[in-house]
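Take a look at the structure below.
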Protein chains: 2
Amino acid sequence: MTNIKKVSELAGVSTATVSRTLKMPDMVTARTKEKVMKAVREAGYRPSWLATSVKTGRTNTIVVLVPNLINPFFMRIIGGIEQAAQERGFTVLLCDTQGESKRESDYASMVLTNRADGLIQLDHSFPFNEDDAKLAETIPMVSVCERIHSDKRYPVVALDNYAASRALAHHLVSYGHTKFAVIVGQVVSQIHKDRLSGLRSVLAEENIEFDEDMIVGQSYSIENGIEGMRQLLEKPNRPSAVICFNDDIAIGAMHEIHRQGLRVPEDISVVGFDNVKVSAFMNPPLTTIDQPAYEMGRRGMEILSDVINGVPLTRSSEMLPFQLLERESSGPASI
Amino acid sequence: MTNIKKVSELAGVSTATVSRTLKMPDMVTARTKEKVMKAVREAGYRPSWLATSVKTGRTNTIVVLVPNLINPFFMRIIGGIEQAAQERGFTVLLCDTQGESKRESDYASMVLTNRADGLIQLDHSFPFNEDDAKLAETIPMVSVCERIHSDKRYPVVALDNYAASRALAHHLVSYGHTKFAVIVGQVVSQIHKDRLSGLRSVLAEENIEFDEDMIVGQSYSIENGIEGMRQLLEKPNRPSAVICFNDDIAIGAMHEIHRQGLRVPEDISVVGFDNVKVSAFMNPPLTTIDQPAYEMGRRGMEILSDVINGVPLTRSSEMLPFQLLERESSGPASI
DNA sequence: AGTTGTTTTGTTATCGATTACAGTAATTAC
DNA sequence: GTAATTACTGTAATCGATAACAAAACAACT
């Protein structure tokens, strides 16, 4: 290993001078700078990040807890996080939690073991219990994408799911739909509640009855979309419009509709959430809610950086705007 | 900060004893163990990963260079890497290179700055120049998914792209296709060469002429698939079968075919590579080559772990088996 | 009891940097 | 030319752990 001592001997100076040459070049004379840089080059020296971090107490690393690396929606958020992180000199440590709480608390504790300076979580599960809650108070932490149960207080960047859900509902109502169904994702979450109540509020305003039996599903996957659609099509009164709580579910739902020989949107309209890339290129292209994923990630990282640096927060929660993308998977009600 | 010294005072023992209690519990008496653990709990102490790593010289971290986080195929590989990493006590640091060589060498140098113990790259670009090449010799490194130009020698886990391409070609030939086209991805890569020569070898054996003009495209994206297909459909002699060098390209190609009022596979057969999840749920489902992505990641990590631990390698290159998935985007030639 | 051997614990050097403080050289002021 | 600053460099403490070595405690034996 080429360490700072070797370089200092090679250059004929003290280790302090080597460190200063590299970290505060203005403090050394041109002559010593030259000597040191030559020795650095010759030895192929690079300062140990570990040692530097131990001494300075900063890792310039943040941890991001991702429920699922394969979901392109999360990856777009992460794109925004990485961009902002890079601008601020942070490295991003991506942690796939697979939704397992053990993994989550394992990764979260990286902040406590001086492995990272802060934490961004993309789902909402940590902290889980009293112990974790106490930890969470001391950790710089930001939640992106999911609002947290009221009593915790760390910053949140999220979408107005209630309003987005209302927008989708209005869109479908304007096409004359009255027989609605919903295929949901993870049930125990604020997102779930907000979207359902958004839908309910519109239907109530429009005096459209909503059959609670028409809520199916349990996870954000294509398979869940298929299975959910299968259940819906077994019911006596077929829905004319299906709201899927993300695009993967919608893709699965459309696949099952086609498999059973029905057409989208002529027989059934399908809409989703997230606007993942591929949704625009489905057959037919999917009507969906575009979430400003990149921007959410960006803001989340900006806020976290402030928290880490002790900058006081102006507000603890930010709602970003969404956009309804009307494509061809939704159309006039047939019945 | 609660450090080991505070805990040692609280427990009335030396720091060495605290360290031993946590790392080699068999070396201390039940009584001191109890005392120490009580103090640890009271202080909420966790050993600093940084300090431990400085001292031991091991970070138990590996870096993975990913060209594109949004590509689900890479994410499947990473799933395999993470699984194997976890089993061996490694943490995975995912680095999105965006195909930029500066980012790549930045991230690669993390190994040199004691930030990680080894490196897995999913594309093939590092090392780029003489300097990097010298570095690369000293870094534990494995390449997954892309074979490297002959002269570098670090281990590789890859797919037999030549054979896979031949399998696709045979499949299409057996359907009576004679007018072939190809939409390629990144051009300067071994994958590119292997797949093209696989196709050419089959066509030569079958005495089918191949028009070099029918090779279009330049990147692994949906947009490239659309644009490539547009170009192909402008040509006087429309192809009856299009081989896309990944599923994203194929998705774009199918989209463009539909947009122009043609049908898949009745008018044009489309096949892809990778078997990303969504390809099975397209309309029609996509015929593609299933790469054992998860398994490739797994093996790559296993090999890297061996390299890091100084276990001698048995062989430097592994080819994993692929599988041709015949779905509905390919069918009999119409003309 | 005294000697020897085995556990267990404490002392202290170390990992590879950074930085407060001290010391020396260079510059300016009178 | 000497004193007072200023600018640079070196010495040594430090960050938070681990581990080689030394010391102490305990058990087993003659």
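Predicted model, so just to flag it, every value in this text is computed and none were measured. Below, chain A is the first sequence line, B the second, and so on; all start at residue 1. No hydrogens, no waters, no symmetry mates; every other heavy atom, side chains included, goes into these values.
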All pairs passing salt bridge (Lys or Arg N to Asp or Glu O under 4.0 Å) where residues 19-39 of chain B contributes a residue, at least two apart = B:K38-B:E42
Partners of A:R88 by side-chain hydrogen bond (donor to acceptor under 3.5 Å, both in side chains), sequence neighbours excluded?
-> none
Whole angstrom is fine here: how far is it from CE in A:M24 over to P in D:dA7?
-> 15 Å
B:T52, nearest nucleotide to its side chain (from C:dT18, C:dG16, D:dT18) = D:dT18
Is B:K5 touching bases, backbone alone, or none of the nucleic acid, heavy atoms closer than 4.0 Å?
-> nothing
Considering residues at least two apart in sequence or located in another chain, which fulfil the side-chain hydrogen bond (donor to acceptor under 3.5 Å, both in side chains) criterion with A:S8?
-> none
Euclidean distance, atom CZ of residue A:R115 to atom C1' of D:dA17 [Å, nearest integer] = 15 Å
Starting at CH2 of A:W49 and ending at P of C:dT18, how long is that distance when rounded to a whole Å?
-> 14 Å
Could you tell me which residues satisfy side chain to side chain contact (heavy atoms under 4.5 Å, CB included) with A:E295, sequence neighbours excluded, listed by chain and number?
-> A:P292, A:R298, A:R299, A:L320
Are A:W49 and B:T59 close enough that some pair of their side-chain heavy atoms sits under 4.5 Å apart?
-> no
Measure from CD on B:E9 to P on D:dA17 and round the result to the nearest Å.
-> 13 Å
Rounding to the nearest 10°, end axes of the helix from C:dA1-D:dT30 to C:dC30-D:dG1 built from five pairs each make an angle of 50°
Compare every heavy atom of B:L122 with every heavy atom of B:P67, then report the nearest pair and how far apart it is.
-> CD-CB, 4.1 Å
Nucleotides 22-28 of chain C: which of its N/O atoms have a protein N/O under 3.5 Å away?
none

Rounded to the nearest Å, what distance is computed from the CZ atom of residue B:R46 to the C1' atom of nucleotide D:dA17?
-> 17 Å
side-chain hydrogen bond (donor to acceptor under 3.5 Å, both in side chains) partners for B:S19, two or more places apart | none
Separation of atom CG in B:N114 from atom C1' in C:dG16, rounded to whole Å | 8 Å
Side-chain N or O of A:S19 closer than 4.0 Å to phosphate OP1/OP2 of C:dT18 | yes
Could you tell me which residues satisfy side-chain hydrogen bond (donor to acceptor under 3.5 Å, both in side chains) with B:T32, sequence neighbours excluded, listed by chain and number?
-> B:T29
Applying side chain to side chain contact (heavy atoms under 4.5 Å, CB included), name anything that partners A:N3, two or more places apart in sequence or on another chain.
-> A:K5, A:K6
Gap between atoms CZ and C1', on A:R58 and C:dA17 respectively (whole Å) | 17 Å
d(CG, A:L50; P, C:dT18) in whole Å | 13 Å
Does A:S221 have any side chain to side chain contact (heavy atoms under 4.5 Å, CB included) partners at least two apart in sequence or in another chain, and if so, which?
-> A:S219, A:E223, A:N224
Please write out the pairs of protein N or O atoms and N or O atoms of nucleotides 8-15 of chain D separated by less than 3.5 Å, giving the distance to one decimal.
from	atom 1	to	atom 2	distance (Å)
D:dT9	OP1	A:T29	OG1	2.6
D:dT9	OP1	A:T32	OG1	2.9
D:dT9	OP2	A:T29	N	3.3
D:dT9	OP2	A:T32	OG1	3.4
D:dG10	OP2	A:S14	N	3.0
D:dG10	OP2	A:S14	OG	3.3
D:dG10	OP2	A:T17	OG1	2.7
D:dG10	N7	A:R20	NH2	2.8
D:dG10	O6	A:R20	NH1	3.3
D:dT14	O2	A:K55	NZ	3.3

Partners passing side chain to side chain contact (heavy atoms under 4.5 Å, CB included) against A:V92 (at least two apart in sequence or in another chain) = A:I62, A:V64, A:I81, A:E82, A:A85, A:L94
